[in-house]
Every structure is written in C-alpha cells, then in structure tokens.
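Computation of the quantities below employed the complete heavy-atom set of this structure, encompassing side-chain atoms and omitting hydrogens, waters and symmetry-equivalent molecules.
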Amino acid sequence: MTVSAFMVIAHRGASSYAPENTFAAFDLAIRMGARHIELDVEATRDGHIVVIHDDTVDRTTDGSGPVAGHTLETLQALDAGSWFGGEFASERIPLFEEVLRRYKGRAHIHTEIKGRSTYLSERTADLVRQHGTVDQVTITSFQKARLEEIRRCAPQLTTGWLLGEVSDAAIAQARALGLRQICPRASTVTPELVSRLHAEGFVVRAWGVDTELVMRQVVQAGADGMTVNFPDKLIAYLASSQSTAARPTAEPS
Ligand code: G3P
Ligand code: CA
C-alpha cells in the first residue's frame with residue numbers, strides 16, 4: 001500500500017470540527033481532501049433509513065427518545081447541529097439516500113449498520129443499489145448477523161467487519177462469509193497483524209483512532225486505511241511521510 005492509496009476515512013465526517021453525521025461534517029471532510037466518509041445508519045418508525053450514530057436522538061439533537069420511536073418528519077424537524085456549535089443550528093439528521101445522492105462520484109461511503117434489524121440491512125442495500133452506488137459503498141458492522149444479511153441479499157457489496165480484537169475464529173468466519181475487509185481497533189494494529197491479514201487476503205482498515213500517535217502507528221504498521229475524526233491531520237501526515245521517503249539522500253561533503 002502506497003501512502004497515496006491509503007484510505008483516509010472521515011469518521012462521521014470531519015467530526016472533530018463539525019457535528020458528526022451531518023452534511024456540514026461530510027462537506028468539510030471533502031473540502032479537507034478526504035475521499036472517503038464514514039457514517040452510521042438506523043431505521044425510523046416509518047421505515048426510513050437515517051444517518052445517526054446513537055439509537056436515541058438525545059446526545060446529538062435537541063430532541064429525545066429512540067430513533068425508532070420517531071417518524072422521519074419528526075426526526076428531520078430536530079436541530080442536529082447546535083449541540084456542537086450555534087453556527088450549525090440548521091443541520092438536520094440526513095436521510096441515507098440524500099447522502100448517496102449528494103456524494104455520488106465524490107466520496108466512497110463507509111456505511112456502518114448500527115441498528116439491529118434485518119430490515120435495516122436489506123433496506124440499506126436496496127438504497128445503495130437503487131442509487132447506482134454499489135462500487136462507492138462499503139458496508140461495515142460490529143454485528144456478524146448484519147453482515148450475513150448483507151452477504152445474502154447483496155453479495156456484490158464490499159463488506160468489512162469491525163472487531164475489538166482480531167482472533168483466529170473471527171478470521172475464519174470472515175473468510176467463510178466472504179468479507180473483504182477486517183477492521184481492527186486501532187490500538188491493536190501491529191505490523192504482524194497487518195501482514196497476517198494481508199496474507200489472508202483482507203484489506204485492513206482500523207477504527208477508534210483517538211490520537212495522532214495512534215494514527216501514525218496505524219500508518220506505520222502498513223494498514224490500508226482508518227476512520228479518523230481529523231482527516232486533515234492524517235492527510236498532512238501522509239503527505240509529509242511521502243515527501244520524506246522521496247527525498248534523495250544528501251551527498252557526503
Ligand atoms: O470506523 C468504525 C467506527 O465508526 C466504529 O465505532 O462507535 O464510532 O461507530 P463508532
Ligand atoms: Ca461508525
């Protein structure tokens with residue numbers, strides 16, 4: 001993996017600088033130069049797929065209660081930005097299909113299935129197909145059941161398993177399921193783990209990068225990508241690593 005091919009995946013958008021999982025955060029990530037965004041999906045009471053991390057709206061909006069207890073209309077009336085900063089008061093919870101339309105051709109969309117229903121997996125896959133974005137979406141989940149559903153209903157989609165700890169059993173299950181990516185917790189990523197997963201044919205992309213030190217360690221371990229809240233810092237680090245590697249050795253005087 002060359003550093004220029006490294007997947008800089010803006011985690012919930014550029015979520016260090018703008019409210020997570022909003023157009024403001026995704027647009028900013030793209031302006032910073034990220035070509036990958038990550039988001040989380042849940043289903044509303046009336047069956048719409050929306051982009052939100054928690055299963056309740058309490059932390060990231062001015063509303064309360066479970067996402068699955070709201071209709072799309074009541075959800076989209078909520079302010080999804082002020083909790084982060086007053087200048088984001090106009091941000092709303094996006095519909096997944098709005099994200100597909102807005103970023104089609106501009107960003108690869110790493111879509112994490114958060115909710116726990118077969119309906120959510122199947123409807124998410126349907127929307128990806130309907131919008132002609134199969135090659136621009138990777139489906140991820142911590143839940144093996146959701147990945148099994150995606151493999152069954154949309155085998156053409158790229159899938160990645162988010163794991164706290166990579167084990168022999170998980171590798172065997174991922175292989176049997178036909179998953180393309182293994183997504184280990186960043187603090188567990190070592191050169192040995194990456195080599196092993198590469199030898200098994202997996203793309204290795206980390207999650208849970210909370211400091212620049214961990215960010216650099218994941219790159220140095222040889223991984224293929226990571227989700228990161230501060231894509232600008234990762235892009236700058238990759239650029240500096242590349243220019244250091246390309247610099248000719250000084251002639252002895
Ligand atoms: O990249 C995956 C990462 O998003 C998983 O954790 O809690 O941020 O959804 P979380
Ligand atoms: Ca996520």
Side-chain angles (χ1 to χ4, degrees), residues 1 6-13 15 20-21 25-26 29 34 36-43 49-55 67 96 99 107-118 120-122 124-125 128 136-155 157-190 193-194 196-198 200-211 214-215 217-219 221-231 234:
M1 160 82 29
F6 193 91
M7 288 186 289
V8 176
I9 309 169
H11 179 234
R12 311 181 201 172
S15 56
E20 64 182 56
N21 282 326
F26 301 138
H36 298 253
I37 58 176
E38 190 266 356
L39 54 79
D40 307 282
V41 290
E42 289 275 357
I49 307 304
V50 289
V51 176
I52 187 166
H53 179 272
D54 299 358
D55 59 4
V67 176
F96 180 54
V99 174
H108 191 96
I109 302 169
H110 298 253
T111 302
E112 182 185 348
I113 301 186
K114 274 290 187 211
R116 296 177 172 273
S117 72
T118 303
L120 175 59
S121 306
E122 291 178 349
T124 299
V128 172
Q136 291 168 49
V137 170
T138 296
I139 302 286
T140 65
S141 190
F142 284 104
Q143 305 172 65
K144 185 165 160 259
R146 305 288 84 78
L147 296 169
E148 286 167 343
E149 289 158 1
I150 294 292
R151 291 296 297 148
R152 194 165 56 239
C153 75
L157 276 171
T158 300
T159 40
W161 195 358
L162 298 161
L163 291 166
E165 201 77 52
V166 177
S167 62
D168 291 348
I171 292 172
Q173 288 169 29
R175 199 188 309 116
L177 251 182
L179 305 183
R180 192 90 53 82
Q181 290 184 8
I182 296 270
C183 310
R185 184 196 296 273
S187 58
T188 70
V189 173
T190 59
L193 178 67
V194 173
R196 172 160 185 217
L197 293 173
H198 280 166
E200 298 270 1
F202 294 107
V203 170
V204 182
R205 83 93 165 139
W207 65 273
V209 174
D210 43 16
T211 66
V214 172
M215 174 191 90
Q217 285 169 346
V218 169
V219 174
D224 304 296
M226 70 179 87
T227 47
V228 63
N229 300 351
F230 33 85
L234 177 52

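Here CG of Leu39 is found 8.5 Å from OG1 of Thr140. Values are rounded to the nearest 0.5 Å. In this structure, Asn229 CG and Met215 CE are separated by 12.0 Å, a value rounded to the nearest 0.5 Å. In this structure, the separation between CH2 on Trp161 and CD on Gln143 is 11.5 Å, given to the nearest 0.5 Å. Separating the CD1 atom in Ile9 from the NE2 atom in His110 is a distance of 4.0 Å, to the nearest 0.5 Å. If you take CD on Glu38 and CE on Met7, they are separated by 12.5 Å, rounding to the nearest 0.5 Å. Atom CG of residue Asn21 and atom CZ of residue Phe96 lie 11.5 Å apart, to the nearest 0.5 angstrom.
Minimum heavy-atom separation, Val189 to Ala221: CG1-CB, 3.7 Å. Of all the heavy atoms in Gly160 and Leu147, the pair that sits closest is O-CD2, 3.7 Å. Across all non-hydrogen atoms, the minimal contact from Ile182 to Ala174 is CD1-CB, 3.7 Å. For the pair Ala125 and Ile150, the tightest heavy-atom approach, listed with the atom from each and the gap, is CB-CD1, 4.2 Å. The two atoms that bring Pro155 and Cys153 nearest to each other are CD-C, 3.7 Å, heavy atoms only. Among all heavy-atom pairs drawn from Val209 and Ala186, the shortest one is CG2-CB, 3.7 Å.
Residues Glu148 and Lys144 are paired through a salt bridge, judged by an N-O separation under 4.0 Å between the basic side chain and the carboxylate.
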Practice task
Decide yes or no on side chain to side chain contact (heavy atoms under 4.5 Å, CB included) for Phe202 and Val166, but give the supporting numbers first.
Solution key: CA-CA 12 Å; Phe202 294 107; Val166 177; over 6 Å; no
Practice task
Given side chain to side chain contact (heavy atoms under 4.5 Å, CB included), test Ile49 with Leu120 step by step and report yes or no.
Solution key: CA-CA 7 Å; Ile49 307 304; Leu120 175 59; 3.6 Å; yes
Exercise for the section: Starting from the C-alpha separation in whole Å, work towards a yes-or-no answer on side chain to side chain contact (heavy atoms under 4.5 Å, CB included) for Val219 and Leu234. Expected result: CA-CA 9 Å; Val219 174; Leu234 177 52; 3.9 Å; yes
Handout entry: Verdict with reasoning, Leu163 to Thr188, per side chain to side chain contact (heavy atoms under 4.5 Å, CB included)
Key = CA-CA 10 Å; Leu163 291 166; Thr188 70; over 6 Å; no
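In this structure, Arg196 and Ile171 have side chains that are in contact, with non-hydrogen atoms separated by less than 4.5 Å. Counting only heavy atoms from C-beta outward, the side chains of Val137 and Ile109 approach each other to under 4.5 Å. Residues Leu162 and Arg205 are in side-chain contact: their nearest non-hydrogen atoms beyond the backbone lie under 4.5 Å apart.
Remark: Thr118 pairs with Glu149 by the side chain to side chain donor-acceptor pair (under 3.5 Å) rule, at least two apart or across chains.
Few gaps surround CZ on Arg151; more than 12 heavy atoms of other groups in view lie less than 6.0 Å from it.
The side chain to side chain donor-acceptor pair (under 3.5 Å) with His53 is formed by just one residue from the set Glu112, Glu20, Arg12; it is Arg12.
Aromatic ring orientation, Trp207 versus Phe142: perpendicular (interplanar angle above 60°, classes split at 30° and 60°).
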